[in-house]
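Heavy-atom basis, side chains included; hydrogens, waters and symmetry copies ignored. Chain letters run A, B, ... following the sequence lines, proteins first and then strands; every chain starts at 1.
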Protein chains: 2
Amino acid sequence: MSKMRISSFLKIKQDIMGKIKSRHWLPGDTIPGEEALAVEYGCSRMTVNRAVRELAESGIVERRRKAGTRIALQPDRSAKLQIPVVRKEIERRGAVYRYALLERVEMVPPDGIRAKLSLGPKTKVLHIRCLHFADETPYQYEDRWINLERVPTCVDEKFEKISPNEWLLEREPFSEAEHGFSAQLADAEIASILNIKKGDALFVVERRTWQDDDTITAVQLSYPGASYKMLSRS
Amino acid sequence: MSKMRISSFLKIKQDIMGKIKSRHWLPGDTIPGEEALAVEYGCSRMTVNRAVRELAESGIVERRRKAGTRIALQPDRSAKLQIPVVRKEIERRGAVYRYALLERVEMVPPDGIRAKLSLGPKTKVLHIRCLHFADETPYQYEDRWINLERVPTCVDEKFEKISPNEWLLEREPFSEAEHGFSAQLADAEIASILNIKKGDALFVVERRTWQDDDTITAVQLSYPGASYKMLSRS
DNA sequence: GAGTGGTCTAGACCACCTG
DNA sequence: AGGTGGTCTAGACCACTCA
C-alpha cells in the first residue's frame, strides 16, 4: 500500500476508480472501510468520506452501514439531460425567437388528460396550444394543460406575450418532473402547424410536473424530427 | 432571523429553497456568506458549506470566491436519464431477450465515421450490426463502430453470443459518453430489419464514448418509435 | 451487540477573484 | 489587498443493519 501524502478527495476518487479499472477490485467486492482508507491515504476520515460518498452518488459503489462499501455490479449508463427554456435554446443558435399563441381555453379536461394530471372529476384546467419559431421557421409545437386548482393565478395571464413555459418556470421553482421521449409521425394537423409534410418524423417530449404531490402541468412538445437533436454529455 | 437549533445540511438546504420559493430571495440576489449563515443556523461552517455546495451542484445557486453566492437566474431543467443495458431493459418488461449478430467486419472506415471517431487516416475499426429481440419481436437495431487501436482485444471476440454493448461495458468502465436523440423515418433496409413499414417513425439514439481523450466507440441505436418511450424522473 | 457509514464540530490554511 | 468559498483535520456521537 503506497501512502499518499497529498490528500485530496479528488485524488482518492481517481485512485479508487483506477483500482476498479485495473481489475484490482472487481464488481461485487467489498473495499476497505473509511477508517482503513484514511490510514492508507494518510488523511482524515472526512476526506475519504467525501470521496467515497461521491462515488456512491454516481452509482459506482454501493454503501450500507455495517455491510460496508461494494463495487457496483452493473452500473447503468446515465446521462444528464439539460432541457433548456425554448427561447434560450433558439437564441443560443443565433436565431431570432418568436412566440405565437394558437389557443387558450379554460375547460374541464377530457378523461385522458384528467388521468394524466391525477385530477378530481370536475377540476378545471387551462389548455394552451402555442408555437415557438426560430428565424420565423416553426421550431417547437407546445400543447399544454395546467391544473387551475394548483395554479389559479394563470387565469389572469393571457399568454400572448410570454409562453407558459417561461411563466411557469418563474413561479413554480423546484418542481419535480417526469420526461418521456418518443418518435411519432406528423398527422395532418401538426404537419400544417409545423409547416412540414404529413408523415414526417416528429421528436416528441412529454413532461409532467409536480410539486408536493400535486400535478401542476402536463405538456407535449413536438419538434420536426430531422432538424432536432437533443444532446447530453455525461 | 430565527436560529435553528437542530442543524442539518438538509434542513438548511430546504430553508434556503423555501426563501427562494417565497420570493424572500430573488434570482440574482446575493445571499449571506457561509460564516454568516453558520451563525444564523447555529452550526459550523462545514455544515453550511455542504448545504450550499449541493445547491450549487444542482444549479440552484451560483458561487464564486470573493463574489459570494447568488440565486441562479434561470436554472435549466435537467433530467437524469438512465440508459440501461438493452438486455436488462427487455427482461424488466418480462419479455424474453434474444440477440442476433447481423454483420461483423474489420475495415478502414468511411470518412464520416472516421471523423466521428476522431481517428487517423488508416486506423482500422470493427463495424458491427446486430439486433435485439423482445419475445422474438425486433426491439432495437444496433449499428456500431469500435476503434481497434483503442480496443484491440475485440478482434478475438466473435460477438455471436454476447452483444458488443455488454462486452464493452464490462471492459471499459468510467468512459465518458455523449448522447444524441432524434426522430427519423425508417428507410427500406431498416424497415425490413425491424419488421416495420418503410416510413414508420424511428426513435434514434446516437452515442459516442471516450476515455482519456480516445474515442472508443460510436453507436446508433434505432427503436420502432411508436413502441418506445424513454423515461426519466428528475 | 458491534462495526460500519452519516453527520457534525471548531478550528485551520489556501486559492481565487473582485473591488 | 482582502473577503469569499474550497478544502482539510482530528476528533465526536449517532443510526443503521448485519450477524
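- Residues passing the side chain to side chain donor-acceptor pair (under 3.5 Å) test with A:Y99: none are found, sequence neighbours excluded.
- Distance B:K13 NZ to C:dT7 P: 11 Å, rounded to the nearest Å.
- Taking every heavy atom of residues 48-59 of chain A and every atom of DNA chain D, pairs under 4.0 Å involve A:R50, by number.
- Atom-to-atom, CZ of B:R63 to P of D:dG3 comes out at 18 Å; the value is rounded to the nearest Å.
- Counting only residues at least two apart or on different chains, the salt bridge (charged side-chain N to carboxylate O under 4.0 Å, His left out) pairs with a member in residues 45-62 of chain B are B:K13-B:E54, B:E34-B:R45, B:R50-B:E54.
- Taking atom CG on A:L37 and atom P on D:dC8, their separation rounds to 15 Å, with Å as the unit.
- Listed by chain and number, the residues in a salt bridge (charged side-chain N to carboxylate O under 4.0 Å, His left out) with A:D214 are A:R150 (sequence neighbours excluded).
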| said: Can you build the contact string for nucleotides 10-19 of chain D? Use B for base contact, S for sugar-phosphate-only contact, and - for no protein heavy atom under 4.0 Å. | reply: B-B--BBBB-
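- Straight-line distance from the CZ atom of B:F9 to the C1' atom of C:dC8: 11 Å, rounded to whole Å.
- Listed by chain and residue number, nothing satisfies the salt bridge (charged side-chain N to carboxylate O under 4.0 Å, His left out) test with A:K21 (two or more places apart in sequence, or in another chain).
- At whole-Å resolution of the value, CD1 in B:I12 and C1' in C:dT9 are 13 Å apart.
- A sub-4.0 Å separation between OP1 or OP2 of D:dT4 and a side-chain N or O of B:T69 is absent.
- At the phosphate of D:dT7, neither OP1 nor OP2 sits under 4.0 Å from any side-chain N or O atom of A:T47.
- Scored by the side chain to side chain donor-acceptor pair (under 3.5 Å) test, A:R171 finds no partners at all (sequence neighbours excluded).
- Expressed to the nearest 0.5 Å, how far CG of B:D15 lies from CG of B:L10 amounts to 12.5 Å.
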Side-chain donor-acceptor distances from residues 162-170 of chain A under 3.5 Å, at least two apart:
unit_1: A:S163; atom_1: OG; unit_2: A:E166; atom_2: N; d: 3.4
unit_1: A:E166; atom_1: OE1; unit_2: A:R87; atom_2: NE; d: 3.2
unit_1: A:E166; atom_1: OE1; unit_2: A:R87; atom_2: NH2; d: 3.0
unit_1: A:E166; atom_1: OE2; unit_2: A:R87; atom_2: NE; d: 2.9
unit_1: A:W167; atom_1: NE1; unit_2: A:E157; atom_2: OE1; d: 3.4

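- Partners of B:D111 by salt bridge (charged side-chain N to carboxylate O under 4.0 Å, His left out), not counting sequence neighbours, listed by chain and number: B:R114.
- Each of B:H179, B:E176, B:E178 was evaluated against B:R208; a single residue qualifies, B:E178, per the side-chain contact (heavy atoms from CB on, under 4.5 Å) test.
- What separates CD of B:E35 from C1' of D:dG5 is a distance of 11 Å, to the nearest Å.
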